[in-house]
Amino acid sequence: MAVYTDVTDEALFAFLSAYDLGAVLSFKGIAEGVENSNFLLHCEAGRFILTLYEKRVRPNDLPFFIGLMEHLAAKKLSCPLPVKRRDGEALGTLAGRPAAIVTFLDGVSVRKPEARQCAETGRALAQLHLAGGDFGLFRRNALSVAHWPELFAASRARADEVSPGLAQEIAAELDSLERLWPCDLPQGVIHADLFPDNVFFIGPKLSGLIDFYFACNDALAYDLAICLNAWCFEPDGSFNATKGRALLQGYQSLRPLEDVERGALPVLARGAAMRFLLTRLYDWLNVPPGALVKPKNPLEYLSKLRFHQTIDNAGEYGLIE
Ligand SMILES: Nc1ncnc2c1ncn2[C@@H]1O[C@H](COP(=O)(O)OP(=O)(O)OP(=O)(O)O)[C@@H](O)[C@H]1O
Ligand SMILES: N[C@@H](CCO)C(=O)O
């Protein structure tokens with residue numbers, strides 16, 4: 001359960017006194033996620049999610065995330081809507097952390113995505129990229145290629161505890177990625193963490209996207225590479241090209257990739273694998289004492305990285321010319 005920070009009844013009631021949500025009917029920690037502390041808050045006004053922003057969220061970035069959810073919702077993309085206090089603010093402080101309340105989104109996430117869910121996700125990602133095109137705020141990606149060496153430095157000394165030879169393998173790959181990383185790709189607002197647990201379905205239909213707390217400006221195709229990693233591998237570590245094709249076709253039904261993006265997909269997928277390998281490695285080695293959280297396996301992403309190192313062109317992901 002990702003609850004890093006406890007919220008007492010007293011602190012909760014003081015926080016809620018700035019809102020018009022009526023009496024609290026129930027309040028409990030949520031048993032998923034690894035980044036922030038999330039609570040299900042049921043009030044007379046309905047169901048909401050209360051989030052306390054933890055280590056990777058910088059308070060200065062919160063207006064970007066809140067503004068983006070408002071912008072996307074106004075464009076009819078289904079995502080949580082920040083709830084305003086009586087003074088018009090969507091952000092406050094609770095238990096010493098920045099905190100916000102967002103609307104509850106109906107739907108369930110899928111544990112074992114099928115090809116048709118990959119296709120729906122590809123379409124939703126393209127919708128997000130198109131809808132973000134005129135969002136007025138900018139946030140650089142704080143977890144992109146330039147930041148990976150620093151992230152790695154925080155785990156390097158203990159990396160081989162997780163797997164012998166890991167430190168050397170990551171160091172060599174970081175050198176390659178620095179040389180190969182493309183800087184001429186179409187840019188825009190990306191979600192940057194659109195994993196299956198952040199996409200909700202009701203029956204066969206995608207009902208909404210959540211968790212915009214890594215969203216930033218970066219290469220649009222990098223977001224697609226993150227999804228290829230998160231949606232198109234099987235539990236045994238093999239890549240499923242049928243799912244890859246479905247994801248890419250779903251995306252391209254709304255936003256066809258440019259040639260330069262197609263060509264860059266293998267290296268973007270390597271970079272996307274590296275980004276999650278590094279954050280998972282850090283989290284694996286640094287579980288805060290007392291936190292209710294189950295860190296995710298970094299080696300899943302080492303295996304994905306090794307797969308992408310064998311790929312020469314995006315056709316191998318199922319991309320049809
Ligand atoms: N707006 C929402 N509506 C319904 N459920 C939500 C909403 N926001 C979050 N949740 C629930 O809380 C869980 C954790 O939320 P979220 O994914 O934002 O947390 P996180 O710690 O940032 O996780 P992650 O590890 O994906 O980064 C979700 O899996 C979902 O079950
Ligand atoms: N989606 C991420 C966790 C949130 O950053 C992962 O699976 O590693």
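Just so you know, ligand 1 is whichever comes first in the structure, and atom 1 is the first atom listed for that ligand.
Using a 4.5 Å cut-off between side-chain heavy atoms of Ile, Leu, Val, Met, Phe, Trp and Tyr, with links allowed through other members, L94 and V24 fall into the same hydrophobic cluster.
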>> Let's go through F233 and F307 carefully: what are the C-alpha distance in whole Å and the side-chain angles of both, what is the deciding distance for ring pair (Phe, Tyr, Trp, His ring centres under 6.0 Å) to 0.1 Å, and is it a yes or a no?
In response: CA-CA 10 Å; F233 283 84; F307 168 78; 5.5 Å; yes

>> If you apply the rule salt bridge (Lys or Arg N to Asp or Glu O under 4.0 Å), what do you find for K84 with E89, and how did you get there?
In response: CA-CA 5 Å; K84 300 265 171 73; E89 285 293 322; over 6 Å; no

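When each atom of ligand 1 is checked for a heavy atom of T103 under 4.0 Å away, the hits are 1 (N), 2 (C). Residue contact check: L105 has heavy atoms under 4.0 Å from atoms 1 (N), 2 (C), 3 (N), 4 (C) of ligand 1. Close approach of ligand 1 to D193 (heavy-atom distance below 4.0 Å) involves ligand atoms 27 (O). Ligand-side atoms of ligand 1 in range of P80: 1 (N), range being under 4.0 angstrom from any heavy atom. Listed by number with element, the atoms of ligand 1 under 4.0 angstrom from any heavy atom of N36 are 21 (O), 22 (O). Atoms of ligand 1 found under 4.0 Å from any heavy atom of I30, numbered from 1 in the order shown, are 11 (C), 12 (O), 13 (C). Residue F276 has at least one heavy-atom neighbour below 4.0 Å for each of these atoms of ligand 2: 2 (C), 6 (C), 8 (O).
Closest to atom 2 (C) of ligand 2 among all protein heavy atoms lies D193 OD1, 3.5 Å. Looking at atom 7 (O) of ligand 2, its nearest protein heavy atom turns out to be R280 NH2, 2.7 Å. Atom 5 (O) of ligand 2 has its closest protein heavy atom at E35 OE2, 3.0 Å. Protein heavy atom at the shortest distance from atom 3 (C) of ligand 2 is V34 CG2, 3.7 Å.
With rounding to the nearest 0.5 angstrom, the CZ atom of F48 is 13.0 Å from the OG1 atom of T51.
Distances between N or O atoms of N198 and those of ligand 1 include at least one value under 3.5 Å. Taking distance alone, with nitrogen or oxygen atoms compared against 3.5 Å, F214 stays at or beyond that limit from ligand 1.
Taking the six-membered ring for Trp and thresholds of 30 and 60 degrees, W148 and Y222 have ring planes inclined between 30 and 60 degrees apart.
Scanning all heavy atoms of the two residues, the minimum distance from A90 to A100 falls at O-CB, 3.4 Å. The two atoms that bring A73 and C79 nearest to each other are N-SG, 4.0 Å, heavy atoms only.
Contacts between I49 and ligand 1 below 4.0 angstrom, taking non-hydrogen atoms only, involve the side chain exclusively. In T51, neither the side chain nor the backbone holds a heavy atom less than 4.0 Å from any atom of ligand 1. Of the heavy atoms in F200, only side-chain atoms (C-beta onward) come closer than 4.0 Å to ligand 1.
Every heavy atom of Y213 sits 4.0 Å or more from the atoms of ligand 1. Assignment of F214 to the shell around ligand 2 is supported, since a heavy atom sits closer than 4.0 Å.
Considering each of E32, E54, R56, the one bringing a non-hydrogen atom nearest atom 29 (O) of ligand 1 is E32. With atom 24 (P) of ligand 1 as the reference point, the heavy atom nearest to it among L209, T279, V108, D211 is part of D211.
Within a 6.0 Å sphere centred on CZ of R123, other residues, nucleotides and ligands contribute 12 heavy atoms or fewer.
The ring pair (Phe, Tyr, Trp, His ring centres under 6.0 Å) test with F65 is passed by exactly one of F214, Y213, F212: Y213. Checking each of Q127, H129, E261 against R255 for a side-chain hydrogen bond (donor to acceptor under 3.5 Å, both in side chains) leaves exactly one that passes, namely E261. Evaluated for a side-chain hydrogen bond (donor to acceptor under 3.5 Å, both in side chains) with R270, the options Q309, E173, H308 yield exactly one hit, E173.
Donor-acceptor pairing under 3.5 Å is recorded for the side chains of D134 and H71.
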